[in-house]
Amino acid sequence: MKQAHRAVKSMFGIAMAATALAGFVAPTASATTTQVTASCYGLDCYTYDPIDKGCSADAYTAESMDTVYGTIELRYSPACAANWARISGAKNGQVFWVENMSSGFDIWHAIGSTGYGNMVDGTVQAHACVEDGYHCTGWH
């Protein structure tokens with residue numbers, strides 16, 4: 001089963017990045033930031049990680065709901081037209097998911113107290129749920 005919490009990166013990747021930047025000269029204050037480009041749209045985003053696909057860059061919380069199981073959020077990216085669920089304040093292993101009205105749903109388990117899942121098509125309405133299906137955001 002895939003892990004929902006994706007905050008931990010491998011030490012190998014960090015070491016490779018540090019090695020690549022060893023000879024890099026820091027940019028001046030006038031340097032521009034690099035913008036991540038979304039690499040999927042709508043149904044093409046289904047089951048993909050929102051960070052890996054660049055969809056989290058413009059994402060916002062369409063709705064959140066505090067429950068006894070944690071705070072569940074329905075996240076939406078306009079650039080990707082995709083939704084996903086995010087949870088915080090949960091117990092380790094807490095079940096949560098995002099569901100839409102056409103392509104289905106994606107179920108996850110929190111790692112520690114937080115987590116987020118993969119995306120579903122956001123061109124149709126979706127909602128995010130936790131635990132038993134009675135604790136869900138509205139459809140957006």
Side-chain angles (χ1 to χ4, degrees):
M1 179 173 294
K2 294 172 78 175
Q3 292 184 350
H5 188 269
R6 297 184 173 100
V8 178
K9 300 291 182 189
S10 73
M11 292 308 293
F12 176 75
I14 293 170
M16 292 299 291
T19 303
L21 293 174
F24 181 72
V25 177
T28 63
S30 64
T32 59
T33 58
T34 303
Q35 185 175 5
V36 177
T37 303
S39 60
C40 65
Y41 189 84
L43 186 57
D44 293 336
C45 296
Y46 183 51
T47 73
Y48 286 104
D49 182 305
I51 293 175
D52 291 348
K53 290 294 185 177
C55 300
S56 64
D58 72 334
Y60 63 88
T61 299
E63 185 178 340
S64 66
M65 179 182 189
D66 292 327
T67 74
V68 296
Y69 305 107
T71 300
I72 187 72
E73 298 174 56
L74 176 66
R75 303 283 293 161
Y76 178 73
S77 165
C80 294
N83 291 102
W84 63 94
R86 182 168 70 180
I87 195 166
S88 60
K91 66 179 182 189
N92 188 39
Q94 181 64 59
V95 175
F96 67 101
W97 66 93
V98 63
E99 177 182 15
N100 73 10
M101 294 185 161
S102 68
S103 63
F105 59 92
D106 200 35
I107 298 175
W108 290 87
H109 297 271
I111 304 299
S113 64
T114 62
Y116 70 94
N118 286 347
M119 298 179 284
V120 296
D121 182 0
T123 63
V124 294
Q125 289 189 330
H127 69 169
C129 299
V130 62
E131 190 59 32
D132 56 11
Y134 293 108
H135 297 86
C136 300
T137 66
W139 291 91
H140 294 271

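Note that the structure is a prediction, hence the values are computed from the model and not measured.
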Practice task
Check whether any side-chain N or O of N100 sits under 3.5 Å from a backbone N or O of V120 as a donor-acceptor pair, and report yes or no.
Solution key: no
Fill in the blank from the handout: Between S64 and T71, the two heavy atoms sitting closest are CB-CG2, 4.3 Å
Handout entry: Any donor-acceptor pair under 3.5 Å from H109 side chain to G93 backbone
Key = yes
Exercise for the section: Not counting sequence neighbours, which residues clear side-chain hydrogen bond (donor to acceptor under 3.5 Å, both in side chains) with S113? List them please. Expected result: none
Problem - Atom pair OG1 (T47) and CG (D121), whose distance is rounded to the nearest 0.5 Å - result: 12.0 Å
Exercise for the section: Working to the nearest 0.5 Å, report the span between OG of S56 and OH of Y116. Expected result: 7.5 Å
Exercise for the section: Looking only at non-hydrogen atoms, find the nearest pair between D52 and D49 and report the distance. Expected result: N-OD1, 3.1 Å
Handout entry: Listed partners of A85 passing side chain to side chain contact (heavy atoms under 4.5 Å, CB included), at least two apart
Key = I72, F96, V98, A128
Exercise for the section: Please report the closest heavy-atom contact between L74 and G138, naming both atoms and the distance. Expected result: CD2-O, 4.3 Å
Problem - Test item: S77 and W84 side chains (from C-beta on) under 4.5 Å apart, heavy atoms - result: yes
Problem - Single-linkage hydrophobic cluster Y41~Y46, side-chain heavy atoms < 4.5 angstrom - result: no
Exercise for the section: Locate the shortest heavy-atom distance separating E131 from W97; write the atom from each residue and the value. Expected result: O-CZ3, 3.7 Å
Practice task
Answer yes or no: is there a side-chain heavy-atom contact under 4.5 Å between Y69 and V95?
Solution key: no
Exercise for the section: Could you grab the distance from atom CD1 of I87 to atom SG of C129, nearest 0.5 Å is fine? Expected result: 11.0 Å
Handout entry: Heavy-atom closest pair, residues V124 and S102
Key = CG2-OG, 3.4 Å
Handout entry: Non-neighbouring partners of E73 that pass salt bridge (Lys or Arg N to Asp or Glu O under 4.0 Å), sequence neighbours left out
Key = R86
Completion exercise
Scanning both residues in full, the closest heavy-atom pair of N83 with A126 reads OD1-CB, 3.6 Å
Practice task
Count the heavy atoms of every other residue, nucleotide or ligand shown that sit under 6.0 Å from OH of Y76, and state whether that count exceeds 12.
Solution key: yes
Problem - Gamma sulfurs of C80 and C45 within less than 2.5 Å - result: no
Exercise for the section: List for me each residue that meets side-chain hydrogen bond (donor to acceptor under 3.5 Å, both in side chains) alongside E63, sequence neighbours excluded, and say none if there are none. Expected result: H140
Practice task
Under the salt bridge (Lys or Arg N to Asp or Glu O under 4.0 Å) rule, collect the residues that match up with R75, sequence neighbours excluded.
Solution key: none
Practice task
Report the relative orientation of the aromatic rings in H127 and W139; use parallel for angles under 30°, tilted for 30 to 60°, perpendicular for over 60°.
Solution key: parallel
Exercise for the section: Would you check if T123 and L43 make a side-chain contact, meaning some heavy-atom pair closer than 4.5 Å? Expected result: no
Handout entry: Between CG on residue N118 and CD1 on residue I107, distance to nearest 0.5 Å
Key = 12.5 Å
Handout entry: Listed partners of Y134 passing ring-ring contact (aromatic ring centres under 6.0 Å, His included), at least two apart
Key = none
